[in-house]
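Beneath this line is the structure, given in structure tokens, with notes to follow.
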Amino acid sequence: MVKFILNGEEVTSNANQNERLLDVIRNEFRLTGAKCGCKEGECGACSVILDGKLVNSCMVAMGSIEGSSVMTIEGYSQTDRFSVLEKAYASVSAVQCGFCIPGMMLASECILAENPNPSEADIRRGISGNLCRCTGYNAIVEAIGIAAKEGKGLW
């Protein structure tokens with residue numbers, strides 16, 4: 001049994017200690033924003049925020065998160081900060097197929113939480129663990145820059 005905070009609520013899972021966090025949040029908690037893209041921690045489609053840090057949930061064993069805080073895109077989408085990012089992404093059409101976007105949005109949050117005024121290089125470095133096969137990244141980088149300007153005071 002593992003107790004942890006999921007999107008602000010204390011939860012308990014009876015999952016095996018070796019089970020992947022990704023599988024538990026998708027199958028047990030029915031939070032499907034995190035996707036299984038590569039099973040190797042390379043694509044970022046399974047990204048969640050674990051104790052304030054962006055992680056690939058396909059690489060996190062349930063036994064390692066006892067007492068931790070996990071934020072998925074479903075929880076993050078209820079915040080004012082998400083709203084700023086969502087508008088910025090929409091303003092430059094930074095979303096195409098949507099497969100990578102939950103992880104990209106969480107990466108964006110972590111970039112801005114660490115540095116509310118990131119340079120383009122900071123943004124590119126911050127999203128480097130998230131692969132997008134549609135947009136070519138430029139629109140995503142631009143959206144994060146817009147969110148940084150529009151969201152002053154939130155990050």
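Model, not experiment: these values are computed from the prediction.
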Exercise. For residues Asn130 and Met104, report the shortest heavy-atom separation together with the two atoms involved.
Key: O-CE, 3.5 Å
Quiz item: Rounded to the nearest 0.5 Å, how far apart are CD1 of Ile127 and CG of Asp122?
Solution: 11.5 Å
Identify all side-chain donor-acceptor contacts of residues 137-149 below 3.5 Å with residues at least two apart in sequence or on another chain.
from, atom 1, to, atom 2, distance (Å)
Tyr137, OH, Cys132, N, 2.9
Asn138, OD1, Arg124, NH2, 2.7

Quiz item: What's in the same ILVMFWY side-chain cluster as Phe4, cut-off under 4.5 Å, chained through other members?
Solution: Val2, Leu6, Val11, Leu21, Val24, Ile25, Phe29, Leu31, Val48, Leu50, Val55, Val60, Met62, Ile65, Val70
Self-check item: Under 3.5 Å donor-acceptor, Asn7 side chain and Thr72 backbone
Solution: yes
Just list the side-chain donor-acceptor pairs under 3.5 Å for residues 77-88, sequence neighbours left out, or say none.
from, atom 1, to, atom 2, distance (Å)
Ser77, OG, Ile73, O, 3.3
Ser77, OG, Glu74, O, 2.9
Thr79, OG1, Tyr76, O, 2.7
Thr79, OG1, Phe82, N, 3.1
Arg81, NE, Glu109, OE1, 3.2
Arg81, NE, Glu109, OE2, 3.3
Arg81, NH1, Leu154, O, 2.8
Arg81, NH2, Glu109, OE2, 2.5

Practice problem: Looking only at non-hydrogen atoms, find the nearest pair between Cys36 and Phe99 and report the distance. | Solution: O-CZ, 4.2 Å
Self-check item: Shortest non-hydrogen contact from Lys3 toward Glu66
Solution: N-OE1, 3.2 Å
Exercise. Of all the heavy-atom pairs spanning Gly37 and Cys43, show the shortest one and how long it is.
Key: CA-SG, 3.7 Å
Self-check item: Interatomic spacing from SG in Cys46 to CG in Leu106 - rounded to 0.5 Å
Solution: 10.5 Å
Exercise. To the nearest 0.5 angstrom, please state how far the OG1 atom of Thr32 sits from the CG atom of Leu22.
Key: 10.5 Å
Quiz item: For Gln96, does the CD atom have more than 12 heavy-atom neighbours from other residues, nucleotides or ligands under 6.0 Å away?
Solution: yes
Quiz prompt | Contact summary for Ala15 and Glu19, nearest pair of heavy atoms | solution = CB-OE1, 3.4 Å
Quiz item: Under the side-chain hydrogen bond (donor to acceptor under 3.5 Å, both in side chains) criterion, do Ser69 and Asp51 qualify, and how do the steps go?
Solution: CA-CA 5 Å; Ser69 177; Asp51 294 330; 5.0 Å; no
Quiz item: Which residues pass the salt bridge (charged side-chain N to carboxylate O under 4.0 Å, His left out) test with Arg26, sequence neighbours left out?
Solution: none
Quiz item: Which residues pass the salt bridge (charged side-chain N to carboxylate O under 4.0 Å, His left out) test with Arg133, sequence neighbours left out?
Solution: none
Exercise. Check step by step if side chain to side chain contact (heavy atoms under 4.5 Å, CB included) holds for Ser47 and Asn56.
Key: CA-CA 5 Å; Ser47 295; Asn56 293 317; 3.8 Å; yes
Self-check item: Partners passing side-chain contact (heavy atoms from CB on, under 4.5 Å) against Glu9 (at least two apart in sequence or in another chain)
Solution: none
Practice problem: Can you measure from OG (Ser57) to CD1 (Ile49) and round to the nearest 0.5 angstrom? | Solution: 12.0 Å
Quiz prompt | CA sep, side-chain torsions, deciding dist, call: Lys39, Cys58, side chain to side chain contact (heavy atoms under 4.5 Å, CB included) | solution = CA-CA 6 Å; Lys39 299 181 185 176; Cys58 74; 5.5 Å; no
